[in-house]
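One structure below.
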Amino acid sequence: MFDRITFDPKIMGGRACIRGMRIPVSVIMGQIAHGAIHAEILADYPDLEPEDIKQAMEYAAWLTQEEVSTV
C-alpha cells in the first residue's frame, strides 16, 4: 500500500521515512503545512522524487482515519 514509506529501527529511530532514507514523512508534511510547494521540497531534498511526496501525503491522510469512540 505504501511501498515508499519505510520503518527501520536503525534509521531515525524507526520513524516513518521515505525509501529507507533519513527523510522522515513528518519533515515533508511539516514543510507542506508551512506552505512549501513540491518544487521547493524537491530542491531541498534532491534524493526525493515527486511520488515520494505524494505517498507521504497519502500516508498522513491514512493516519488521520482513526476513529474515536465516545462510549
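Position 1 is the first residue of the sequence, and the numbers go up from there.
For the pair I5/I18, a side-chain contact is recorded, criterion being any heavy-atom separation below 4.5 Å from C-beta on. The shortest side-chain heavy-atom distance between I23 and C17 does not fall under the 4.5 Å cut-off. Residues I53 and I32 are in side-chain contact: their nearest non-hydrogen atoms beyond the backbone lie under 4.5 Å apart. Inter-residue side-chain proximity for E49 and Q55 is flagged as unmet; no heavy-atom pair is nearer than 4.5 Å. You'll find the side chain of Q31 reaches within 4.5 Å of the side chain of D44, heavy atoms only. Between M1 and W62 the shortest side-chain heavy-atom distance falls below 4.5 Å.
Residue pairs meeting the salt bridge (Lys or Arg N to Asp or Glu O under 4.0 Å) criterion with at least one partner in residues 28-41, sequence neighbours excluded, are absent.
In terms of heavy atoms, K10 sits closest to R22 at O-NH1, 4.1 Å. Closest of all the heavy-atom pairs between A16 and Y59 is CB-CE2, 3.8 Å.
F7 and M12 fall into different hydrophobic clusters, where Ile, Leu, Val, Met, Phe, Trp and Tyr are joined by side-chain heavy atoms under 4.5 Å apart, directly or via other members. One hydrophobic cluster, built from ILVMFWY side chains closer than 4.5 Å, holds both V27 and M21. Using a 4.5 Å cut-off between side-chain heavy atoms of Ile, Leu, Val, Met, Phe, Trp and Tyr, with links allowed through other members, Y45 and I37 fall into different hydrophobic clusters. Following chains of ILVMFWY side-chain contacts shorter than 4.5 Å, one cannot reach I11 starting from F2, and the two form parts of different hydrophobic clusters.
Here the side chain of R19 pairs no donor or acceptor atom with the backbone of D52 at under 3.5 angstrom.
Rounded to the nearest 0.5 Å, atoms NZ (K54) and CD1 (I28) are 14.0 Å apart.
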